[in-house]
Structures are given as structure tokens and as C-alpha cells.
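In what follows, a structure is listed as C-alpha cells, so that the remarks can point back to it.
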There are 2 protein chains.
Amino acid sequence: MAARSYGQYCGVTTAVELIGERWALLIVRDLLVGPRRYTDLKVGLPRIPTNILSTRLKELQEGGVVRRVPLHGCGLVYELTPYGRALEPVMLALGRWGFQSMGDPDEGDVVTPDSLTMALRTAFRAERATPLDVELHVGDVALRAIVHDGVLAVVQLAPPAPPVGGAVPPGDPEAVIVAGPGIRHLIAGDVTPAEAIAQDLVAVVRGDERILNDFAQTFHIAPLAA
Amino acid sequence: MAARSYGQYCGVTTAVELIGERWALLIVRDLLVGPRRYTDLKVGLPRIPTNILSTRLKELQEGGVVRRVPLHGCGLVYELTPYGRALEPVMLALGRWGFQSMGDPDEGDVVTPDSLTMALRTAFRAERATPLDVELHVGDVALRAIVHDGVLAVVQLAPPAPPVGGAVPPGDPEAVIVAGPGIRHLIAGDVTPAEAIAQDLVAVVRGDERILNDFAQTFHIAPLAA
DNA sequence: CCGGATCCGAATCGATACTG
DNA sequence: CAGTATCGATTCGGATCCGG
């Protein structure tokens, strides 16, 4: 029996043996946004030691979760296998659950493009979504969230350079929203959009402030029913 | 910043900090079945070191996932808080995902009453469930699975002594099913009930073998659509 | 028996440096 | 860019011990 085995024959145990090691699930989180190079992952997970990243990628490949794909000519990327992509429902459920415990950020905590992208997906309610096209800034991260036909698309924007891994959406967003960590109170429904603005949790720096009503209805994580 | 922190402000990261340590999720899995004493948990997780169990229980309490409840007069139990119970969808999704990677058990792997109980919940399809009342044996574990009004109830049976933590269901089961690890092929739909019997993956030692049709329809984890 | 606490060697992780 | 190598700091695992 492997040393890391939990010694049980059970689906949960098997899953935890595949993706339960430290950092593994965060690697999967970033790869759920799209294929990433080794260096992209390292930048997106600033505190991961490089030997751990290397080890995890090997383990995830061995587990059939991740695949290593040479890029035509130069470089290579890691991407999820279909089996790895099947973790999306788990990841979204886990993100929603963890959201309930988020307080204010600790000193040194960062928001990364991939984590914010997945956070938006986590909070997205297809059944109540309204058409939407906004630019969202949180910390240094800027991205464009577009809801069309009840489907959410997120494009990451890089301040000066062109966006990573995709085309800039055509046209201008309806509004530009700038927020800090306090935006979680809007997502949770603790405050109304008007209150969020009044308390400086969120600002609409371009466009109509009323867009926040659509935003808050579309992106929402309800507190526990208790 | 805490030493164990991942340094990111994100729901997934928060969740992993709460329940991502080794053994933590398996403790939660067992507690999802019902409140458990320290010793119950130790028996249900045979390979967990006692200091780790003790540490995890403290951490889970601190995280608001687990509560320590004195038992009227003698002893005490650990139980999930409402927030901890909210992990059930995560656990079921994770169990379904891990199920896809289950091969044959390694030598020394065990099946515990709680892991089998959660496995049944994982595989339960309410929308296709039929009324059912069977006794299921896998390894040393025996339990009674009853589907009534589209709701699954599982009662753990102890061979000689009375069952743990609940009353024996009244009456006799419709059938007694004895299975080994190969039962996963029936759950996955790799084999029909008839084939499962022919290949000795499953045996119906009392009652009508046709009950396996209902069983296989009620408990099913579809392979990846790929 | 229940509910842990303590001790210690083994394995893992984190930080940094270095390489093809 | 995509990793290895190294090494001290932590954590884990296994065993033992202890108070009710």
C-alpha cells in the first residue's frame, strides 16, 4: 500500500488522494480557467515553492487530471484532461462554501486574475442572470465579465499589454466597476447596491450606477439558510 | 499571515485552508453520517494517528465546521455545525468524481460503515429512485438501505449486537445483497445486474434477484461523458 | 474503555540557489 | 522558460503513556 494512502476503498478517499495534497486544488482552480504554462502557474500562485509545483504537476498527470501539451514550436502548457475538467462542479461548490468564511483579507493576501475569474464563476447564477457587460477591477486585477444568452464569459485584461490568451471583447463595456474586498458583502446580499456605493465598497467609475443591480442579481452567493 | 495560509483572498483558498489538511475531509465524511465520538472516529479511520485526529478536531472546531457536544451524563460527541453540513454537496460531488478513478482495492484497504454509507448517498439518484428496502453486505460491513418517497435512509447494522445509533428498521428487507469491490461495475453501469451475478460481483442471498434492477437504477454513477 | 497528550523518527514542505 | 538540487523548518505517523 502506498505510504500516502488512507487505506480505505471509497470514492471520497480516492479523490482526496488525487487532489488533496497541499496546493493541488489551487493548481486545478487556475487550470479550470484555461491552459497555463509552468511560469503562469508560478505567477498565479506566488507562494508556491517551485519544487512543489513541479511535484504536483507530475502527480496530477499520473492521476489523469492534468495533461502536458507541447505548444507548436515553442514552450508547453499544462491543461486539464476531461476528467480534470469534471472537477468544475466540485470547485464551484467548494468556492461557494469557502466564500461564507471569508473575512477581510489578511495582510499580504493577493487577488489573482484566475482566482477572481473562478470567484465570478462561483457566484454566477445562470437562472437569475441578466445580460451584462462590465469591466471589473479588484486590486490590480482587471477583467471583463460578459453575460450573453445566460452564459458567462470572463476575459482577463492586462493593464498596458494586450490580454492573456484571448481577444479583447469588441466594443466598450456598459460600465467599469472598481471594488475592494468589501465587494463580498454585495455578493452575499448583506448590502444593497446603493449601500455598497455609499459605504465605498464598490464604485462605478464609468457608466450608470444602476448596472450594479443587474450585477448583484447575477452574481450572488446566498448565506446559509441555517 | 498564518504560516499555513496560501496568501490568496479567494473562496476556494479559504475552503482549502479550513478542510484541506490531511484527514480533515475524511473526518467530515464520517460526521456527515451522524455525530461520532472520538473513539468512533478513530475506529472508522483506522490509520489516522491519534494526535492528528485530535489536532484536526480542534482545527475544525475553530473553523466553525465541527462542534463538540457533551453527551447527557457520560461521554461526548463531535458533530457538524450547520456550516459543516453545508459541505454535503461538495462531498457528494467529490465522491462521484473519485469513484471514476477507483480500481481494485489495494491490499489492506478497508470499507467502513461510514464510508459505505456515504458511497450509497453518493450514488443515489433521487430522480430515478424506486422504492426499495435491501440489506447490503460489503466486506464486513452490513447496512440496510431503504428508499421511501424518493428519500434514501441508511441504517448501519452490526453483526451480533444491535445497530449503532438508531433503531433497527421494522420488518425484513426485500432482499439481502452480498457484494465485493466489483459492485462498482454495477454502479457504473459497466455490467447489467444479470452479468454482475454471473461474474460473481454481486450475489442475492435472499429474495428475488430482480431487485438488482431497481438497485442498479437507484444507485448509479455515470461514467464521464468525455 | 474513553479521550486524549507526549515523544520521536520519517516524510513532506518552504525558501533559496542553481542549471540546461 | 521550465524546471532540479539542496537544506532547514514543519508536519505526519507510530507508539506509548496518562487521567478519568
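Letters go in sequence order (proteins before strands), and every chain restarts at 1. Excluded from the calculations below are hydrogen atoms, water molecules and symmetry mates; all remaining heavy atoms, backbone and side chain alike, are included.
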B:Asn51 (side chain) and D:dG14 (base): donor-acceptor pair under 3.5 Å = yes
For A:Leu76, report the nucleic acid contact type (base, sugar-phosphate, nothing); a contact means any heavy atom under 4.0 Å.
-> sugar-phosphate
Let me know the distance between CD1 of B:Ile52 and P of C:dA10, rounded to the nearest Å.
-> 17 Å
Using whole Å, report how far CH2 of B:Trp23 lies from P of D:dT11.
-> 18 Å
Looking only at C:dG3, D:dC12, C:dA5, the nucleotide nearest the B:Arg56 side chain is D:dC12
Test side-chain contact (heavy atoms from CB on, under 4.5 Å), reference B:Tyr38, set B:Leu76, B:Val77, B:Thr50, output is B:Thr50
B:Glu21 CD - D:dT10 P separation (whole Å) = 15 Å
For the pair made of CZ in A:Arg37 and C1' in D:dC1, what is the distance, rounded to whole Å?
-> 7 Å
Taking CD from A:Glu59 and P from C:dA11, how many angstroms apart are they, rounded to a whole number?
-> 16 Å
Can a side chain N or O of B:Thr50 be found less than 4.0 Å away from OP1 or OP2 on C:dG3?
-> no
Give a yes/no on whether any side-chain N or O of B:Lys58 is located under 4.0 angstrom from OP1 or OP2 of C:dA5.
-> yes
B:Arg96 (side chain) donor-acceptor with B:Thr122 (main chain) under 3.5 angstrom = yes
Salt-bridge contact B:Glu79-B:Arg67 (side-chain N to carboxylate O under 4.0 Å) | yes
Taking only side-chain nitrogens and oxygens of A:Arg22, does any of them come within less than 4.0 Å of OP1 or OP2 of C:dG14?
-> yes
So does A:Glu59 pair up with A:Arg56, basic N to acidic O under 4.0 Å?
-> yes
Between B:Arg4 and D:dT11, does any side-chain N or O lie under 4.0 Å from OP1 or OP2?
-> yes
Does one side chain, of A:Arg184 or B:Tyr9, offer a donor that lies under 3.5 Å from an acceptor on the other?
-> yes
Give the rounded distance in Å between these two atoms: CG of A:Leu53 and C1' of D:dA2.
-> 10 Å
Between B:Tyr78 and C:dG4, is there a side-chain N or O to OP1/OP2 distance below 4.0 Å?
-> yes
Distance, rounded to the nearest Å, where B:Leu26 contributes CG and D:dG13 contributes C1' = 15 Å
For B:Tyr6 and C:dA15, give me the distance from atom OH to atom P, rounded to whole Å.
-> 13 Å
Does B:Lys42 put a side-chain nitrogen or oxygen below 4.0 Å from OP1 or OP2 of D:dG14?
-> no
D:dG3 OP1/OP2 closer than 4.0 Å to side-chain N/O of A:Arg68 = yes
When you check the phosphate oxygens OP1 and OP2 of C:dG3, does a side-chain N or O of B:Thr39 lie under 4.0 Å from one of them?
-> yes
